> 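Sharing a structure below in structure tokens format, with a few things to ask.
Note that the structure is predicted; figures quoted are calculated from it, not measured. First listed ligand is number 1; within each ligand, the first listed atom is number 1.
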Amino acid sequence: MTAFLLDVDTGIDDALALAYLAALPSTEFVSVTATPGNVDADQVARNTLALLELCGRPGVEVAIGAREPLAIPLLTTPETHGPQGIGYAVLPQPAGAVSERNAVDLWVEHARNRPGELTALITAPLTNFALALRQEPELPELLAKVVIMGGSFYHQGNTTPTAEWNTHVDPHAAKEVYAAFRGRAPEKLPIVCSLDTTERMEMHPHHVRRLAEAAGARIPELVLPGQPEGLRSTSDNTLIRHLSDALRFYFEFHRHYDQGYLAHVHDFFAAGVAAGILEFEARPATVDVETGSPLLAGTTVADFRGLWGAPPNARVVSANYPAAAFTELVSAVGGLAARLA
Ligand code: BDR
Ligand code: CA
């Protein structure tokens with residue numbers, strides 16, 4: 001079993017990551033918390049709750065922590081993930097309610113109660129995680145593994161020419177988080193899935209078709225570049241219908257930015273790493289974040305050579321294997337969709 005503390009900003013690729021983890025029989029969702037990013041924190045929490053229920057995981061505690069980044073105003077991105085954060089998908093109203101507990105308190109409490117047992121996965125700006133580290137500086141020792149989706153090193157940013165979205169939304173939080181891991185043992189350092197490798201995770205229309213086939217959907221799921229924008233799925237499989245509607249929006253968004261009719265599913269890759277299923281290689285590095293310069297705000301810098309004379313505080317993923325990852329995604333999420341039908 002992998003017991004997860006998750007922090008998300010659901011989010012189309014967060015949704016895929018959640019569906020993937022929900023599909024794994026080995027996943028225990030200890031708590032899923034919402035950080036504002038793609039959409040505001042209340043919408044993130046609603047999306048997350050609805051999605052977990054849709055994926056056959058009702059009753060998971062979903063909580064909100066910060067409603068704003070640590071030091072700058074919140075920026076959301078409806079053009080990337082749609083007005084509600086799940087592209088064209090309109091998820092059913094969740095039956096459960098968002099927890100009244102504070103997300104940051106929950107992280108600290110769970111980590112203290114189960115030392116060495118919990119895997120932390122953050123696919124959102126690092127605001128809640130930074131606040132949890134302020135409250136419990138020994139979190140890096142208490143957690144079994146930490147995986148972060150964020151940053152961009154030798155790769156063009158996706159928000160500014162040098163900055164990745166999650167880090168750009170809350171650069172001060174990211175700076176604090178990396179500082180908190182300075183001097184930790186190598187196996188305690190966060191595994192950082194940056195754009196350098198997550199943009200290799202290109203989801204294409206044929207993956208959606210295969211997903212529907214694996215789910216046993218009766219009609220082929222055709223999301224095609226020639227179709228009018230905004231077309232909605234008519235799949236008889238509910239989970240496939242929602243994921244297809246979400247992904248169509250993401251394909252169109254990437255095409256608007258000249259990246260082709262495809263979607264970079266960053267957070268799914270980070271989830272597969274956190275679950276211990278997707279293969280990857282990583283290099284130790286000292287990571288820091290620019291917070292001051294207007295030109296470079298949110299830019300992550302990795303020192304792989306010890307030039308700063310500071311010990312490594314991260315393990316930056318340097319290689320991953322998209323074809324195997326998508327085979328795994330299709331089989332796991334397709335299987336879940338088939339079971340739920
Ligand atoms: C990250 O930003 C968000 O928009 C995605 O959900 C992902 O976590 C990629 O830069
Ligand atoms: Ca995300």
Side-chain angles (χ1 to χ4, degrees), residues 4 6-21 32-41 43-48 51-52 62 65-66 69 74-87 89 103 120-129 146-153 155-171 173-174 177 190-203 243 246-247 249-254 256-257 259 262-274 289 297-300 316-317 320:
F4 280 100
L6 258 93
D7 193 81
V8 294
D9 65 337
T10 321
I12 298 170
D13 56 330
D14 305 73
L16 200 63
L18 285 164
Y20 173 64
L21 292 180
V32 185
T33 57
T35 282
N38 292 326
V39 284
D40 67 51
Q43 187 68 49
V44 170
R46 269 196 301 278
N47 290 349
T48 304
L51 198 91
L52 286 166
V62 174
L74 174 64
L75 196 70
T76 58
T77 185
E79 69 284 5
T80 313
H81 293 267
Q84 295 176 332
I86 318 273
L121 169 64
I122 303 114
T123 62
L126 290 166
T127 320
N128 282 339
F129 192 40
V146 177
V147 177
I148 293 171
M149 190 286 130
S152 185
F153 298 101
H155 196 89
Q156 181 91 13
N158 63 357
T159 305
T160 72
T162 56
E164 177 277 334
W165 172 258
N166 288 336
T167 315
H168 189 262
V169 169
D170 197 342
V177 165
I191 300 170
V192 178
C193 305
S194 71
L195 296 184
D196 304 57
T197 49
T198 64
E199 284 206 352
R200 286 166 46 76
M201 291 290 150
E202 290 185 357
M203 191 151 184
L243 291 179
L247 286 161
F249 189 97
Y250 222 18
F251 290 164
E252 292 172 6
F253 162 78
H254 284 77
H256 289 157
Y257 283 84
Q259 291 168 311
L262 53 85
H264 297 133
V265 288
H266 317 272
D267 296 346
F268 154 66
F269 172 62
V273 167
V289 182
T299 299
T300 44
V316 175
V317 174
N320 58 359

> Is there a donor-acceptor contact under 3.5 Å linking the side chains of Thr127 and Thr35?
no
> Looking at Leu21, Leu18, Leu51, Asp7, which hits side chain to side chain contact (heavy atoms under 4.5 Å, CB included) with Val32?
Leu18
> Less than 4.5 Å apart, any side-chain heavy atom of Tyr250 and any of His81?
yes
> What's the shortest heavy-atom distance between Ala41 and Ala66, and which atoms?
CB-O, 3.9 Å
> Thr48 and side chain to side chain contact (heavy atoms under 4.5 Å, CB included): which single residue from Thr33, Val62, Asp14 fits?
Val62
> Can Asn38 and Thr77 be counted as having a side-chain donor-acceptor contact under 3.5 angstrom?
no
> Just by distance, with hydrogens left out, do Thr198 and His266 show a side-chain donor and acceptor under 3.5 Å apart?
yes
> I need the protein N, O or S atoms closer than 3.0 Å to the Ca ion (ligand 2), given as residue plus atom name.
Asp9 OD1, Asp14 OD1, Asp14 OD2, Thr123 O, Asp267 OD2
> Would you call Glu202 and Val265 a side-chain contact if the rule is heavy atoms closer than 4.5 Å?
no
> Measuring from Ile12:CD1 to Phe251:CZ, what's the distance to the nearest 0.5 Å?
10.0 Å
> Please tabulate, line by line, the atom pairs linking an N/O of ligand 1 to a protein N/O at a distance below 3.5 Å, with the distance in Å to 0.1, or answer 'none'.
from, atom 1, to, atom 2, distance (Å)
ligand 1, 4 (O), Asn38, OD1, 2.7
ligand 1, 4 (O), His81, NE2, 2.9
ligand 1, 6 (O), Asp13, OD1, 2.5
ligand 1, 6 (O), Asp13, OD2, 3.3
ligand 1, 6 (O), Asp14, OD1, 3.0
ligand 1, 6 (O), Asn38, ND2, 3.2
ligand 1, 6 (O), Asp267, OD2, 3.1
ligand 1, 8 (O), Thr123, O, 3.2
ligand 1, 8 (O), Asn166, ND2, 3.1
ligand 1, 8 (O), Asp267, OD1, 2.7
ligand 1, 8 (O), Asp267, OD2, 3.0
ligand 1, 10 (O), Asn158, ND2, 2.8
ligand 1, 10 (O), Glu164, OE2, 2.5

